[in-house]
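This one's a predicted model, so the numbers in the text were calculated from it and none came from an experiment. Worth knowing before you read on, the calculation uses all heavy atoms, side chains too, and leaves out hydrogens, waters and symmetry mates.
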Amino acid sequence: MKFLLNVTARARDDITRNAAWWAEHHSVEEALGWYDQVYAQLAELVNIPSGHRLAAENHRFPFEIREKLVGGKRRTYRAIFTLVGNELRVLTVRRAAQTPLQPDDIE
């Protein structure tokens with residue numbers, strides 16, 4: 001089955017906010033590279049989404065959520081996504097060290 005990628009507004013905001021942090025703490029060039037890498041890595045998800053592990057918080061949700069590590073060389077961010085029919089919906093992109101995702105954290 002071919003999946004359509006939907007990066008939600010929340011996930012887009014997460015990516016933009018994290019790229020801004022990179023620009024402030026590293027460089028604009030690194031931030032732009034990180035931003036592009038994250039979107040390229042998200043685009044790869046549509047190939048085999050079920051090949052990615054269930055998120056640790058999966059048991060807290062009424063639907064299945066999975067995760068893929070994304071980012072630069074060290075990939076220290078988690079793209080948390082779900083499948084809705086033929087849509088792969090990226091719900092959020094957050095630091096791996098952040099507190100676990102709660103259902104109230106997403107719409």
Side-chain angles (χ1 to χ4, degrees):
M1 171 186 277
K2 180 72 174 177
F3 290 91
L4 302 174
L5 180 64
N6 175 7
V7 181
T8 64
R10 162 71 189 260
R12 288 192 310 270
D13 289 347
D14 293 340
I15 294 166
T16 300
R17 184 181 59 257
N18 288 316
W21 183 92
W22 272 94
E24 184 178 330
H25 292 88
H26 297 282
S27 72
V28 172
E29 292 79 18
E30 284 186 47
L32 291 172
W34 181 89
Y35 182 93
D36 290 342
Q37 284 180 327
V38 168
Y39 273 101
Q41 292 161 357
L42 293 177
E44 294 169 358
L45 277 172
V46 298
N47 295 325
I48 308 175
S50 60
H52 296 280
R53 67 181 176 212
L54 292 174
E57 305 92 336
N58 182 59
H59 67 281
R60 295 184 177 138
F61 288 79
F63 50 89
E64 186 176 273
I65 60 171
R66 294 184 174 272
E67 68 180 11
K68 174 184 173 112
L69 295 178
V70 296
K73 294 176 188 172
R74 293 176 45 197
R75 296 189 182 198
T76 56
Y77 292 81
R78 297 168 57 218
I80 299 177
F81 65 94
T82 191
L83 300 173
V84 181
N86 70 334
E87 175 189 351
L88 187 150
R89 189 176 298 164
V90 181
L91 303 171
T92 186
V93 177
R94 49 197 289 129
R95 296 260 326 158
Q98 279 182 263
T99 57
L101 184 67
Q102 300 293 327
D104 291 345
D105 293 337
I106 56 173
E107 298 171 4

Q | Beyond-backbone contact of Lys2 with Asn86, side-chain heavy atoms, under 4.5 angstrom | A | no
Q: Evaluate the side-chain proximity of Glu67 to Arg53: yes if any heavy-atom separation is below 4.5 Å, no if none is.
A: yes
Q: Please tell me if the side chains of Tyr77 and Val38 come closer than 4.5 Å, counting only heavy atoms from C-beta onward.
A: no
Q | Distance in Å, Thr92 OG1 paired with Phe81 CZ, rounded so as to fall on 0.5 Å steps | A | 13.5 Å
Q | For Val46 against Leu5, the heavy-atom pair lying closest together | A | CG1-CB, 3.8 Å
Q) Backbone N or O of Gln102 within a donor-acceptor pair of the Asp105 side chain at under 3.5 Å? A) yes
**Q.** All side-chain contact (heavy atoms from CB on, under 4.5 Å) counterparts of Ala19, not counting sequence neighbours
**A.** Trp34, Tyr35
Q) Does the Arg75 side chain pair with the main chain of Lys68, one donor and one acceptor, at a distance under 3.5 Å? A) no
Q. Can you tell me how far the CZ atom of Arg12 sits from the CG atom of Leu42, to the nearest 0.5 Å?
A. 11.5 Å
Q) Glu57 versus Thr99: any side-chain heavy-atom pair under 4.5 Å? A) no
Q: Go through the steps for Phe61 and Leu101 under the test side-chain contact (heavy atoms from CB on, under 4.5 Å), then give the verdict.
A: CA-CA 10 Å; Phe61 288 79; Leu101 184 67; 3.8 Å; yes
Q | Test item: Gln98 side-chain N/O and Arg95 main-chain N/O as donor-acceptor pair under 3.5 Å | A | yes
(Q) Is there a side-chain contact (heavy atoms from CB on, under 4.5 Å) between Gln37 and Val70? Walk through the geometry before answering. (A) CA-CA 8 Å; Gln37 284 180 327; Val70 296; over 6 Å; no
Q) Are Arg66 and Leu45 close enough, and set up right, to give a side-chain contact (heavy atoms from CB on, under 4.5 Å), and what steps lead you there? A) CA-CA 11 Å; Arg66 294 184 174 272; Leu45 277 172; over 6 Å; no
(Q) If I take atom CG from residue Leu91 and atom CG from residue Asn6, how far apart are they, to the nearest 0.5 angstrom? (A) 9.0 Å
(Q) Contact between Arg89 and Thr8 at the side-chain level, heavy atoms closer than 4.5 Å - yes or no? (A) yes
Q. Would a hydrophobic clustering, with Ile, Leu, Val, Met, Phe, Trp and Tyr connected at side-chain separations under 4.5 Å, put Ile48 with Leu83?
A. no
**Q.** Note: Asp14-Arg17 ion pair, threshold 4.0 Å (strictly below)
**A.** yes
Q) Which atom pair, heavy atoms only, marks the closest approach of Gly85 to Phe3? A) O-CE2, 3.6 Å
Q. Are any of the side-chain heavy atoms of Arg78 and Leu69 separated by less than 4.5 Å?
A. yes
Q) By the rule that ILVMFWY residues connect when side-chain heavy atoms come within less than 4.5 angstrom, directly or transitively, which residues belong alongside Leu32? A) Val28
Q: Tell me, please, which residues at least two apart from His26 pass ring-ring contact (aromatic ring centres under 6.0 Å, His included).
A: Trp21, Trp22
Q. Looking at side-chain heavy atoms only, is the closest gap between Tyr39 and Val7 below 4.5 Å?
A. yes
